[in-house]
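What's counted below: heavy atoms across the whole structure, side chains too, no hydrogens, waters or symmetry copies.
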Amino acid sequence: MKLLVFGGTKFLGRGVVEAAGAHDVTLVNRGRTNPDLYPDVETIELDLTADLEPLHGRQWDAAIDMDPTQLPRETRRRAEAVDVGHYVFVSTISVYSDTSQPIDESSALFDPPDPEPEAFDPEQYGGLKVGSERVVQEVFGERSAIARAGLIVGPHDPTDRFTYWPRRLAEGGTVLAPGNPEQRVQLIDARDLGAFLVLLAEQRTSGIFNATGPAEPLTLGETLERIGGADRLMWVDSQTLLDAGVGPWMELPLWLPGEEYAGLLQADISRALAAGLTFRPLEETARDTLEWSLEAGEQRPTLSREKERELLAGA
């Protein structure tokens with residue numbers, strides 16, 4: 001299969017390229033992030049907000065679009081510029097407007113912003129993704145698949161939204177565990193998501209899919225235990241952490257107190273499972289993430305050890 005990939009050298013893109021090893025892959029990116037990562041893979045160096053002429057006059061069996069520009073008008077430009085048989089677009093479960101309850105692919109969505117902002121606005125992230133989804137469906141119809149990704153984790157993750165836990169638990173000592181151990185958790189290894197995207201392209205699967213995991217329900221307590229911290233966890237209730245100014249999700253990853261966003265961790269993935277989505281063990285993801293993280297060095301700041309000690313002392 002001749003496969004066109006927008007991106008491909010940072011995080012999720014690596015998972016796509018590795019899963020597509022049997023195919024004839026062409027990458028399209030600016031050539032700035034890890035430009036020497038795949039020397040044997042054709043790369044078209046291109047600013048996707050500029051002239052797309054290098055994409056004209058060529059044909060590919062399928063394209064995987066990881067939405068590097070995050071604006072519907074730019075999604076339209078590249079969708080209309082390429083001659084492909086099938087188009088796989090990476091969206092997000094953040095498109096759902098009511099995340100206080102479990103969600104499936106038919107749940108209510110945000111409206112695309114009107115007018116569309118001149119530059120990407122993270123406050124309108126969900127609506128912008130909805131706008132891009134509609135563009136893809138308009139241009140390709142049944143020749144498209146949309147994967148609404150949940151929390152993507154694993155090696156090369158630039159956000160540290162999962163990496164914190166393998167690193168912290170590997171350090172040892174008493175570990176602050178946030179909130180309720182029964183809180184639901186959903187996440188997906190970038191390599192598993194990449195393989196699913198390639199599968200959708202290979203099989204010309206159409207439709208919309210919530211793409212997160214695992215296959216069976218998972219709690220925060222089980223997650224931390226399986227990463228390796230069952231005997232060192234000290235659970236601190238959510239209100240104590242909030243009163244101390246601890247930030248959920250980004251400062252203390254995987255912790256999402258309250259009901260407002262609980263549905264983001266309870267997405268129905270039955271449609272993706274039926275289409276072939278599979279998962280490696282959580283322990284493998286944690287081990288590989290830790291190994292990569294230790295080699296990579298410091299990541300994005302999360303809960304400091306000093307602040308953790310203060311919270312544990314007052315618990």
Donor-acceptor check, side chain of [X] to backbone of [Y], threshold 3.5 angstrom: yes or no?
X    : Y    : answer
T289 : T285 : yes
Q183 : L256 : yes
N210 : D268 : yes
R143 : A62  : no
H86  : T205 : yes

Side chains of [X] and [Y] only: does a donor on one sit below 3.5 Å from an acceptor on the other?
X    : Y    : result
D243 : T240 : no
D104 : Y96  : no
T163 : W292 : no
E202 : H23  : yes

Check the hydrophobic clustering (I, L, V, M, F, W, Y; side-chain heavy atoms under 4.5 Å; chains of links allowed) and say if [X] and [Y] are grouped together.
X    : Y    : result
L151 : L224 : yes
V95  : L71  : no
I44  : M66  : no
V17  : L3   : yes
I93  : F162 : yes

Hey, is [X] close enough to [Y] for a salt bridge, meaning N to O under 4.0 Å?
X    : Y    : answer
E42  : R58  : yes
E18  : R191 : no
E138 : R76  : yes
E74  : R78  : no

Atom of [X], atom of [Y] and distance for their closest heavy-atom approach:
X    : Y    : result
K2   : Q59  : NZ-O, 3.3 Å
P72  : V135 : O-CG2, 3.9 Å
Q124 : P113 : OE1-CB, 2.7 Å
L27  : T9   : CD1-CG2, 4.1 Å
A267 : T212 : CB-CG2, 4.2 Å
G213 : I269 : CA-CD1, 4.1 Å

Sub-4.5 Å side-chain heavy-atom contact between [X] and [Y]:
X    : Y    : result
F89  : T75  : yes
F6   : V82  : yes
D83  : W60  : no
T219 : V185 : no
D160 : M250 : no
R232 : T174 : no
V246 : W255 : yes
V90  : L12  : yes

Might you confirm whether atom [atom1] of [X] has over 12 heavy atoms from other residues, nucleotides or ligands at distances under 6.0 Å?
X    : atom1 : value
K10  : NZ    : no
R30  : CZ    : no
E171 : CD    : yes

Practice task
Begin with the C-alpha distance, continue with both residues' side-chain angles, and end with the deciding distance and a verdict on side-chain hydrogen bond (donor to acceptor under 3.5 Å, both in side chains) for W165 and T223.
Solution key: CA-CA 9 Å; W165 288 112; T223 299; over 6 Å; no
Problem - Mutual orientation of the aromatic rings belonging to Y125 and F120 [parallel < 30°, tilted 30-60°, perpendicular > 60°] - result: perpendicular
Exercise for the section: Sequence neighbours left out, what passes side chain to side chain contact (heavy atoms under 4.5 Å, CB included) with R309? Give chain and number order. Expected result: R305, E306
Practice task
List the steps and the verdict of side-chain contact (heavy atoms from CB on, under 4.5 Å) for L290 and R167.
Solution key: CA-CA 6 Å; L290 176 62; R167 283 187 70 129; 4.0 Å; yes
Which value, rounded to the nearest 0.5 Å, describes the distance between [X] atom [atom1] and [Y] atom [atom2]?
X    : Y    : atom1 : atom2 : answer
L252 : T302 : CG    : OG1   : 8.0 Å
Q70  : D121 : CD    : CG    : 11.0 Å
L303 : R168 : CG    : CZ    : 9.0 Å
E80  : L52  : CD    : CG    : 10.5 Å
I227 : E222 : CD1   : CD    : 11.0 Å
W235 : N180 : CH2   : CG    : 7.5 Å

Practice task
Go through the structure and list residues passing salt bridge (charged side-chain N to carboxylate O under 4.0 Å, His left out) with R161, not counting sequence neighbours.
Solution key: none
Completion exercise
Residue set satisfying salt bridge (charged side-chain N to carboxylate O under 4.0 Å, His left out) with D192, at least two apart, ordered chain then number -> R280
Exercise for the section: In sequence, state the C-alpha distance, the side-chain angles, and the governing distance for S91 and R148, and then conclude on side-chain hydrogen bond (donor to acceptor under 3.5 Å, both in side chains). Expected result: CA-CA 4 Å; S91 187; R148 291 174 176 163; 4.9 Å; no
Practice task
Go through the steps to decide whether L277 and F209 satisfy the test side-chain contact (heavy atoms from CB on, under 4.5 Å), and finish with yes or no.
Solution key: CA-CA 10 Å; L277 176 61; F209 306 89; over 6 Å; no
Exercise for the section: Tell me, with the steps shown, if L4 and I64 meet side-chain contact (heavy atoms from CB on, under 4.5 Å). Expected result: CA-CA 6 Å; L4 180 66; I64 296 177; over 6 Å; no
Practice task
With side-chain hydrogen bond (donor to acceptor under 3.5 Å, both in side chains) as the test, would you mind laying out the steps for S206 and E142 before giving the verdict?
Solution key: CA-CA 6 Å; S206 62; E142 290 299 310; 3.3 Å; yes
Handout entry: Derivation and outcome, side-chain contact (heavy atoms from CB on, under 4.5 Å), residues I188 and F279
Key = CA-CA 8 Å; I188 185 168; F279 309 98; 4.1 Å; yes
